[in-house]
Amino acid sequence: MELFQGLVAVVLDDSIALSHTADALAELDVLAGWALLARECGYCRPVLDEGDGLEIIEGRHPVVEQVLRSADTVTARGATRAFVPNDTVLSCDDAQIVLLTGPNMAGKSTYIRQVALITLLAQVGCWAPAKSCRLGLVDRIFSRVGASADLARGNSTFRVEMNETANILNNATDRSLIILDEIGRGTSTYDGLAIAWSVVEHLHRHPSRGPRTLFATHYQELTQLEKHLPRLRNFSVAVKEWNDEIVFVRRVIPGAADRSYGIQVARLAGLPLSVIERAKTILAKLEGDDTAVSLPSPQARPKKKITVAPADDSQLNLL
Ligand SMILES: Nc1ncnc2c1ncn2[C@@H]1O[C@H](COP(=O)(O)OP(=O)(O)OP(=O)(O)O)[C@@H](O)[C@H]1O
Ligand SMILES: [Mg+2]
């Protein structure tokens with residue numbers, strides 16, 4: 001106890017110098033960590049300016065990339081899975097909103113998150129996982145991703161989604177970066193589509209500029225908005241079809257996707273074959289009942305009655 005108290009007294013005598021040293025070492029630790037990361041993982045030095053653009057060439061998701069580098073990423077066919085880099089160009093007054101469609105599992109969420117992470121890393125002073133990166137400073141990064149409930153505080157999953165969306169729409173400025181992942185998925189198809197649609201229109205409401213936004217969605221109807229909103233650009237994550245199988249190539253390309261391949265992904269996940277076959281039948285029937293929408297007003301869209309034959313062939317009203 002005597003020895004310990006002696007030590008405490010010595011430390012207390014020098015407490016100010018010691019805490020300054022600890023602060024300096026902590027900062028050095030972060031900077032050395034970033035430097036090592038930048039060198040070992042091929043990060044680039046971002047260029048930050050006062051403009052309102054964002055240009056990332058060959059950007060990567062820093063975490064997914066690391067996971068894929070680890071030992072267990074050799075596929076069943078023996079190929080190594082490497083992270084596929086993608087470019088991003090956004091600006092407040094030109095390509096303001098990227099509407100990203102594409103199949104399940106294609107890489108949409110990864111892509112929009114990587115843009116937010118690269119922006120964050122660049123603005124805190126770290127190098128970024130990209131070949132090159134030029135960023136007009138952002139004031140805040142807003143994200144609405146994933147599904148979570150807040151039951152203890154009386155919020156359902158959808159209510160949380162809407163709370164977060166409201167926060168974004170009420171607080172984003174032209175200098176903000178917004179990523180929205182599948183807005184509207186937590187409610188009925190038509191309610192969700194209508195909300196997603198009007199959120200996009202709201203973000204584009206100013207005649208000449210608005211916050212840089214990445215919007216991932218399975219509502220392919222929204223891709224028609226490109227004809228009406230001059231600052232919206234359709235992009236999709238490419239896949240290849242091969243013998244009724246889907247091959248993910250992870251490339252973000254200009255243009256809209258026309259299918260989600262949800263049933264193929266459900267089969268990959270191991271849903272019972274009978275469920276998959278039945279889902280295919282229902283899908284064929286639903287797609288036969290044309291569900292096309294007319295722009296520009298969601299309210300003007302007639303409520304469609306979709307009927308599907310259930311397993312015993314009697315008619316079942318879905319809507
Ligand atoms: N650029 C990429 N290179 C390599 N692998 C990737 C890439 N992007 C995504 N992946 C892999 O694909 C998986 C699925 O990606 P992600 O969740 O982004 O798909 P998604 O399009 O959002 O699908 P969903 O519509 O089902 O939400 C990720 O877990 C990741 O392992
Ligand atoms: Mg996703």
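Numbers for residues simply follow the sequence, beginning at 1. Keep in mind the model is a prediction, meaning the values are calculated, not measured. Both ligands and their constituent atoms are indexed starting at 1 by order of listing.
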Flag the pair R69 / C41 as yes when at least one side-chain heavy-atom distance between them is below 4.5 Å, and no otherwise. yes
What pairs of donor and acceptor atoms, side-chain ones from residues 25-40 against any protein atom, are under 3.5 angstrom apart with sequence neighbours left out?
none

At under 4.0 Å between heavy atoms, is it the side chain or the backbone of R60 that contacts ligand 1, or both, or neither? neither
Please classify the V265 to ligand 1 contact at 4.0 Å (heavy-atom distances, strictly less than): side chain, backbone, both or neither. neither
Looking at ligand 1, does any of its N/O atoms fall within less than 3.5 Å of an N/O of F83? no
Contact check, side chains of L135 and I56, non-hydrogen atoms, under 4.5 Å: no
Report yes if some N/O of N86 lies less than 3.5 Å from some N/O of ligand 1; otherwise report no. no
H204 vs Q96 side-chain heavy atoms within contact, under 4.5 Å: yes
Going by an N to O cut-off under 4.0 Å, is there a salt bridge joining E65 and R60? yes
Heavy-atom distance under 4.5 Å between the side chains of T217 and E182, does that happen here? no
Between R205 and E201, does any side-chain N to carboxylate O distance fall below 4.0 Å? no
Any idea which protein heavy atom is nearest atom 22 (O) of ligand 1, and the distance to it? S109 OG, 2.7 Å
Minimum-distance protein heavy atom relative to atom 29 (O) of ligand 1: T110 OG1, 4.9 Å
Heavy-atom distance under 4.5 Å between the side chains of V98 and T88, does that happen here? no
Tell me which pairs pass salt bridge (Lys or Arg N to Asp or Glu O under 4.0 Å) where either residue lies in residues 246-260, with sequence neighbours left out. E241-R259
Closest non-hydrogen protein atom to atom 23 (O) of ligand 1, residue and atom name please, with distance? M105 N, 2.7 Å
So that I can tick it off, tell me whether R233 and D94 are bridged by a salt bridge, with the cut-off set at under 4.0 angstrom between side-chain N and carboxylate O. yes
Close-contact set for ligand 1 against A82 heavy atoms, below 4.0 Å: 4 (C)
May I ask you to identify the nearest protein heavy atom to atom 27 (O) of ligand 1, giving residue, atom name and distance to one decimal place in Å? E182 OE2, 3.5 Å
Do me a favour and list the nearest non-hydrogen protein atom to atom 30 (C) of ligand 1 with residue, atom name and distance? V64 CG1, 4.0 Å
Is it the case that ligand 1 has an N or O less than 3.5 angstrom from some N or O of G107? yes
Using distance alone, decide if ligand 1 has a nitrogen or oxygen within less than 3.5 Å of any nitrogen or oxygen in L68. no
At a cut-off of 2.8 Å, list the protein N/O/S atoms near the Mg ion (ligand 2), residue plus atom name. S109 OG
Can a salt bridge be assigned to the pair R209 and D52 using a cut-off of 4.0 Å between side-chain N and carboxylate O? yes
Between P103 and ligand 1, find which residue part has any heavy-atom pair under 4.0 Å and reply side chain, backbone, both or neither. backbone
Does the side chain of L177 come within less than 4.5 Å of R140's, by heavy atoms? no
Atom 3 (N) of ligand 1: the protein heavy-atom neighbour that sits closest, reported with distance to 0.1 Å: V84 N, 2.9 Å
According to the side-chain hydrogen bond (donor to acceptor under 3.5 Å, both in side chains) rule, which pairs have a member within residues 15-24, sequence neighbours left out? none
Shortest protein contact, atom 5 (N) of ligand 1 (heavy atom only): R250 NE, 3.4 Å
Validation row: T165, V199 side chains within 4.5 angstrom (heavy atoms): yes
Within ligand 1, which atoms have a heavy atom of H218 less than 4.0 Å away? 25 (O)
Closest to atom 26 (O) of ligand 1 among protein heavy atoms sits N104 ND2, 3.0 Å
Check whether any heavy atom of A106 sits under 4.0 Å from an atom of ligand 1. yes
Minimum side-chain heavy-atom gap S260-Q220 below 4.5 Å: yes
Are any non-hydrogen protein atoms located under 4.0 Å from atom 8 (N) of ligand 1? yes
